[in-house]
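The block underneath contains the structure these notes are about, expressed in structure tokens.
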Amino acid sequence: MKTCLITGTTSGIGSVTATTMARAGYRVVMACRDPSRAFTLAKQITQATGNGEIHVLPCDLASMSSVRNAADAFSGLKLPLDVLINNAGVLCARPQLSADGFEMMFAVNHLGHFLLTRLMLDMLCDNARVVIVASAVHRTGVLDLENVETLKNFSSLKTYARSKLANVMFTFDLARRLSGTGISVNCLHPGVVASNIFPSNSWLSWGGNLIRPFIRSPEQGSAACATLALDDRVARTSGAYFNSNARQANPAARACDRVDQSALWAYSSSVCGLADTL
Ligand SMILES: NC(=O)c1ccc[n+]([C@@H]2O[C@H](COP(=O)([O-])OP(=O)(O)OC[C@H]3O[C@@H](n4cnc5c(N)ncnc54)[C@H](OP(=O)(O)O)[C@@H]3O)[C@@H](O)[C@H]2O)c1
């Protein structure tokens, strides 16, 4: 049985993608910050799909120690990993720092996943797929690494866009570093999706409610992610950005800037306490 680890399955796109992977016959390991909700979901997925191999891995991506504990726990299972899906994400209405002292969206959407992915590399099997749920809003992001340990210049959407730009840059950089290994790394925009991403008690939830009837369902939003994880047609593609229809698309030019990619890699490795090289 193949194994898929996916982050952030307790709602939205991740919940549907976890179910799709279970239905496709994968052992699904759900890395979530709220294990009790994840256990409830695991039971529901088993009931819906007949797949009893649905597991919960406690993991708060805002905390590097929690990510390290999750990687250690997964490593203890001695399961080769076939698919890693970096799906979890937050959009914060208000400025806040993670416990480790990083702007929260950068911490969860990029740094936590960077650390998790790096710690998982040795467990990835030949031809493994790494799928990163990014966003088309990466186009409006500016890397601004000087300010990721401060809340200077905070703006919900621009700061979110920076974290999603980091997702795309990390995809391209990691794909290059893994070229020739058989492991693929791709990212995608899921579309604008009616999920829990719009934080409550803020203008973002007001805006989210307004557009909700016109945007994609989580099922539709999960389709491109499932394609990158499962479809044979993308098995040989790596280092690419896909749109919400699962077609390869052009990313923002700034996401392809190798100097910025290297700066992001070096910074992320350093603050995560990892070597700069693989
Ligand atoms: N919805 C959209 O329009 C849209 C558009 C482009 C890209 N995306 C991306 O799609 C991905 C999935 O988002 P979604 O729309 O499905 O949103 P969602 O319904 O809010 O789901 C986000 C998931 O991430 C988890 N999460 C948040 N913070 C976490 C943390 N610190 N540690 C571990 N897990 C954490 C959430 O857990 P809890 O349930 O515990 O909060 C939840 O399971 C994200 O990467 C998002 O940036 C979404």
Side-chain angles (χ1 to χ4, degrees), residues 5-20 29-42 56-70 85-93 96-100 102-116 131-141 156-157 159-168 170-171 187-200 202 204-205 207-212 214-226 228 241-244:
L5 190 153
I6 172 167
T7 64
T9 62
T10 40
S11 76
I13 297 163
S15 162
V16 178
T17 308
T19 308
T20 303
V29 180
M30 306 192 298
C32 296
R33 66 175 166 180
D34 183 345
S36 72
R37 279 168 55 227
F39 278 119
T40 304
L41 177 69
V56 174
L57 187 64
C59 179
D60 181 352
L61 289 154
S63 154
M64 291 193 196
S65 65
S66 174
V67 172
R68 285 187 176 278
N69 288 342
I85 304 179
N86 291 347
N87 164 80
V90 278
L91 168 59
C92 300
Q96 53 180 310
L97 291 175
S98 70
D100 300 318
F102 301 94
E103 186 285 318
M104 187 59 89
M105 292 185 270
F106 190 81
V108 173
N109 301 355
H110 169 65
L111 269 185
H113 282 119
F114 177 91
L115 177 58
L116 181 69
V131 178
I132 297 178
V133 182
S135 170
V137 305
H138 80 274
R139 296 181 192 288
T140 61
S156 291
L157 293 180
T159 306
Y160 175 73
R162 171 176 66 188
S163 71
K164 293 284 136 183
L165 175 64
N167 287 163
V168 181
F170 175 47
T171 301
C187 65
L188 68 120
H189 170 57
V192 182
V193 178
S195 66
N196 288 345
I197 196 87
F198 305 102
S200 51
S202 74
L204 289 164
S205 70
N209 287 337
L210 206 66
I211 61 172
R212 203 164 277 268
F214 311 105
I215 60 180
R216 295 183 151 215
S217 66
E219 285 72 18
Q220 292 168 321
S222 140
C225 184
L228 294 198
Y241 170 75
F242 289 76
N243 66 20
S244 55

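When a ligand or atom number is given, it counts from 1 through the structure's own listing order.
- Inclusion of Asn87 in the set of residues having an N or O under 3.5 Å from an N or O of ligand 1 is warranted.
- Residue-level proximity to ligand 1 for Ala136 is absent, since no heavy atom of it falls below 4.0 angstrom.
- Ligand-side atoms of ligand 1 in range of Gly191: 2 (C), 3 (O), 4 (C), 5 (C), 6 (C), range being under 4.0 angstrom from any heavy atom.
- Residue Val133 has at least one heavy-atom neighbour below 4.0 Å for each of these atoms of ligand 1: 9 (C), 10 (O), 11 (C), 45 (O).
- The residue Pro218 has no part lying near ligand 1, judged by heavy-atom distances below 4.0 Å.
- Between Tyr160 and ligand 1, at least one pair of N/O atoms sits closer than 3.5 Å.
- For Val192, no nitrogen or oxygen atom sits less than 3.5 Å from a nitrogen or oxygen atom of ligand 1, counting backbone and side chain alike.
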Using atom types as modelled, flag every donor-acceptor pair under 3.5 Å from a side chain in residues 9-17 to any protein atom, sequence neighbours excluded.
from	atom 1	to	atom 2	distance (Å)
Thr17	OG1	Ile13	O	2.8
Thr17	OG1	Ser222	OG	3.2

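- Looking at Arg33 next to ligand 1, an N or O pair under 3.5 Å apart turns up.
- Of the N or O atoms in Ile13, one or more lie within a sub-3.5 Å distance of an N or O in ligand 1.
- Of all atoms in ligand 1, numbered sequentially from 1 with element shown, those under 4.0 Å from a heavy atom of Gly89 are 22 (C), 24 (O), 27 (C), 44 (C), 45 (O).
- Counting heavy atoms closer than 4.0 Å to ligand 1, residue Val90 contributes side-chain atoms (C-beta onward) but none from N, CA, C or O.
- When heavy-atom distances to ligand 1 are checked against a 4.0 Å cut-off, Arg37 comes that close only through its side chain, counted from C-beta outward.
- The side-chain contact (heavy atoms from CB on, under 4.5 Å) search around Thr159 returns Glu103, Met105, Phe154, Arg162, not counting sequence neighbours.
- At a 3.5 angstrom cut-off on N or O pairs, Val108 does not count as close to ligand 1.
- An N or O contact shorter than 3.5 Å is missing between Pro190 and ligand 1 by distance.
- Aromatic pair His113/Phe170: centroids not less than 6.0 angstrom apart.
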